[in-house]
Amino acid sequence: MRIVVKVGTSTLTHATGRMDIRHVETLCKVLSDIKNAGHEVVLVSSGAIGMGVGKLNLTQRPSDMPTKQAAAAVGQCELMYVYDKLFASYNHTVAQILLTGEDLRDDVRHRNFANTLQRLLELGALPVINENDTVSTDEIAVGDNDTLGALVAVSVKADLLIVLSDIDGLYTADPRHDPSARLIPEVREITPEMDAGAGGGGTALSTGGMHTKLIAARICMDAGTDMVILNGSRPALLYDILDGQAVGTRFIGRKNT
Ligand code: GLU
């Protein structure tokens with residue numbers, strides 16, 4: 001299978017902006033093992049700005065563009081350094097790809113990206129993709145990595161997009177506030193109630209939340225690609241997904257019959 005795994009800042013870093021070593025190490029180990037089993041893996045990873053905040057000892061996520069872009073420049077290095085080190089310990093080679101929304105909207109640039117990614121997979125590398133935050137401004141950005149993950153998954157005709165989150169999946173209500181909230185195992189149609197329940201999102205360091213995950217799910221479903229939301233604090237659940245078990249919330253891509 002060809003899978004795109006999207007991992008967010010809330011999985012990769014602690015609230016301090018420093019790396020969550022346990023999560024990152026487990027994730028790299030499981031993804032390496034999945035590659036060893038013969039699957040193709042593309043990682044869409046956030047965490048550049050979050051890690052930059054930690055490395056630069058900033059007290060909070062910056063709100064102004066130059067500081068955000070500076071933090072991303074520092075954090076992206078740190079991120080790739082860590083991925084390179086951890087994946088190399090399992091004999092896997094990482095490749096960095098940084099994109100803006102423009103790169104995906106422009107036909108020629110999109111084709112170049114798709115060709116390079118295809119070649120990297122043929123060469124057995126593990127592409128790690130992020131938004132090119134140091135040059136991305138609001139006008140040209142994809143904006144969030146859930147959407148970026150979906151656009152990448154559709155572009156490379158992935159069998160599955162797995163979005164690792166800080167929650168087990170999509171719930172009927174916010175489980176942090178409502179004890180009667182139930183996990184929804186499968187979604188074939190995103191209803192207005194789901195949209196309304198998704199609210200805004202993100203934590204102090206990250207952008208996403210459930211809202212952007214539903215945007216990503218729509219992109220995937222419309223293109224016929226399945227998407228699963230899983231809890232990123234338990235990367236071993238990725239094995240269950242590949243074993244065909246129902247974990248997290250699976251959004252079923254529309255199949256043309
Ligand atoms: N590209 C941003 C980063 O690496 C994150 C965007 C997102 O998480 O949606 O920090």
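Met80 and Val82 fall within a single hydrophobic cluster, where Ile, Leu, Val, Met, Phe, Trp and Tyr side chains are chained together by heavy-atom contacts under 4.5 Å. Residues Val154 and Phe251 share a single hydrophobic cluster, defined by chaining ILVMFWY side chains whose heavy atoms lie under 4.5 Å apart. With hydrophobic clusters built from ILVMFWY side chains whose heavy atoms lie under 4.5 angstrom apart, Ile34 does not share a cluster with Met227. Linking ILVMFWY residues whenever their side-chain heavy atoms come closer than 4.5 Å, directly or via other members, places Leu238 and Met1 in the same cluster. Met210 is connected to Val44 through a chain of hydrophobic side-chain contacts under 4.5 Å among Ile, Leu, Val, Met, Phe, Trp and Tyr, so both are in one cluster.
Closest heavy-atom contact between Gly47 and Thr9: N-OG1, 3.3 Å. Shortest non-hydrogen contact noted between Pro175 and Ile167 is CG-CD1, 3.8 Å. In this structure, Ser155 and His110 approach most closely via the heavy-atom pair OG-NE2, 2.9 Å. Between Ile129 and Leu148 the shortest heavy-atom distance is CG2-CD2, 4.2 Å. For the residue pair Val228 and Ile241, the shortest heavy atom distance occurs at CG1-CD1, 3.5 Å. For the residue pair Gly248 and Leu183, the shortest heavy atom distance occurs at O-CD2, 3.8 Å.
No side-chain heavy atom of Gln69 sits under 4.5 Å from any side-chain heavy atom of Val135. Proximity of Leu230 to Val247: side-chain heavy atoms (C-beta onward) are separated by under 4.5 Å at one or more points. In this structure, Thr67 and Leu58 have side chains that are in contact, with non-hydrogen atoms separated by less than 4.5 Å. Gln76 places none of its side-chain heavy atoms less than 4.5 Å from the side chain of Asp133. Proximity of Ser46 to Lys6: side-chain heavy atoms (C-beta onward) are separated by under 4.5 Å at one or more points. Glu40 is not listed as a side-chain neighbour of Val156, based on a closest heavy-atom distance of 4.5 Å or more. Counting only heavy atoms from C-beta outward, the side chains of Arg250 and Pro185 never approach each other to under 4.5 Å.
In Asp243, the CG atom is crowded: over 12 heavy atoms of neighbouring residues, nucleotides or ligands sit closer than 6.0 Å. Within a 6.0 Å sphere centred on CD1 of Ile21, other residues, nucleotides and ligands contribute 12 heavy atoms or fewer. When the shell of 6.0 Å around OH of Tyr239 is examined, it contains more than 12 heavy atoms from other residues, nucleotides or ligands.
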message = Does Phe113 form a side chain to side chain contact (heavy atoms under 4.5 Å, CB included) with Val152? I'd like the steps, not just the answer.
response = CA-CA 10 Å; Phe113 155 68; Val152 167; 4.1 Å; yes
inquiry  = With side chain to side chain contact (heavy atoms under 4.5 Å, CB included) as the criterion, how do Leu164 and Leu27 come out once you've worked through the C-alpha distance, each side chain's angles and the decisive distance to 0.1 Å?
reply    = CA-CA 10 Å; Leu164 299 177; Leu27 177 67; 3.6 Å; yes
request  = Test side chain to side chain contact (heavy atoms under 4.5 Å, CB included) on Val108 and Arg111 and set out the steps.
outcome  = CA-CA 5 Å; Val108 176; Arg111 201 167 341 114; 4.3 Å; yes
task = With side chain to side chain contact (heavy atoms under 4.5 Å, CB included) as the test, would you mind laying out the steps for Leu31 and Val5 before giving the verdict?
result = CA-CA 9 Å; Leu31 292 181; Val5 177; 3.9 Å; yes
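In this structure Lys157 satisfies the salt bridge (charged side-chain N to carboxylate O under 4.0 Å, His left out) test with no other residue, sequence neighbours excluded.
From Met51, atom CE reaches atom OH of Tyr81 across 12.5 Å, with rounding to the nearest 0.5 Å. Here Asp103 contributes atom CG and Leu151 contributes atom CG; the two are 11.5 Å apart, rounded to the nearest 0.5 Å. Note that CD of Glu122 is 9.5 Å distant from CG of Leu120, once rounded to the nearest 0.5 Å. One finds the CZ atom of Arg105 at 7.5 Å from the OG1 atom of Thr100 (value rounded to the nearest 0.5 Å). Going from atom CG of Asp168 over to atom CG of Asn231 covers 4.5 Å, rounded to the nearest 0.5 Å. Distance CG/Leu126 to CD/Gln96: 13.0 Å, rounded to 0.5 Å.
The backbone N or O of Ser45 lies less than 3.5 Å from a partner atom in the side chain of Asn130, making a donor-acceptor pair. Looking only at distances, no side-chain donor or acceptor of Arg182 sits under 3.5 Å from a matching main-chain atom of Thr172. Between the Lys35 side chain and the Gly124 main chain, a donor and an acceptor come within less than 3.5 Å of each other. Using modelled atom types, no side-chain atom of Glu186 and backbone atom of Ile252 make a donor-acceptor pair closer than 3.5 Å.
Salt bridge annotation for Arg218-Asp195: present, with a cationic side-chain nitrogen under 4.0 angstrom from a carboxylate oxygen. We find that Lys255 and Asp226 are joined by a salt bridge, their nearest charged nitrogen and carboxylate oxygen being less than 4.0 Å apart.
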Without placing hydrogens or testing angles, list every side-chain donor-acceptor pair under 3.5 Å for residues 86-94, not counting sequence neighbours.
from  : atom 1 : to    : atom 2 : distance (Å)
Ser89 : OG     : Leu86 : O      : 2.6
His92 : NE2    : Ser32 : O      : 3.2
His92 : NE2    : Asn36 : OD1    : 2.8

